[in-house]
Amino acid sequence: MKGLALRLARENPRWGCRRIQGELARLGHRIGASTVWKILTADGFDPAPRRGGPTWREFLTSQAGAIIACDFLHIDLVDLRRV
């Protein structure tokens, strides 16, 4: 079961301990989320949000153009419709 928990963590970097525990339960393995957490931390996995993906700063930088475009490219009409 330890190997399966580690495999799920490796293949799904955004999944946390509770999600992995839920998937293991669906497969018929009875294991607690805290046990999954112990397995992952013992093997060197960080908590899910820090395992992969962009940082908050990288996310905002990549989305800045779209955010600015949405904020400045609309027109409010007299009858309160937005174009």
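Not measured: the values here are computed from a predicted model. Reckoned from all heavy atoms, side chains included, excluding hydrogens, waters and symmetry mates.
Of the possible donor and acceptor atoms, none in the side chain of Glu11 sits under 3.5 Å from a partner among the backbone N and O of Leu8.
Shown here are the side chain to side chain contact (heavy atoms under 4.5 Å, CB included) partners of Lys38, two or more places apart in sequence or in another chain: there are none. Arg18 pairs by the side chain to side chain donor-acceptor pair (under 3.5 Å) definition with nothing, not counting sequence neighbours.
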Exercise. Evaluate the side chain to side chain contact (heavy atoms under 4.5 Å, CB included) criterion for residues Ile39 and Phe45: first the C-alpha distance (whole Å), next the side-chain angles of each, then the deciding distance (0.1 Å), finally the verdict.
Key: CA-CA 9 Å; Ile39 290 170; Phe45 282 96; over 6 Å; no
Self-check item: Test side chain to side chain contact (heavy atoms under 4.5 Å, CB included) applied to Ile20 and Leu24, step by step
Solution: CA-CA 6 Å; Ile20 292 172; Leu24 290 172; 4.1 Å; yes
Tell me which donor-acceptor pairs under 3.5 Å the side chains of residues 26-37 have, and how far apart each pair is, sequence neighbours excluded?
from	atom 1	to	atom 2	distance (Å)
Arg26	NH1	Glu23	OE1	3.4

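Smallest separation of non-hydrogen atoms from Ala9 and Leu40: CB-CD2, 3.5 Å.
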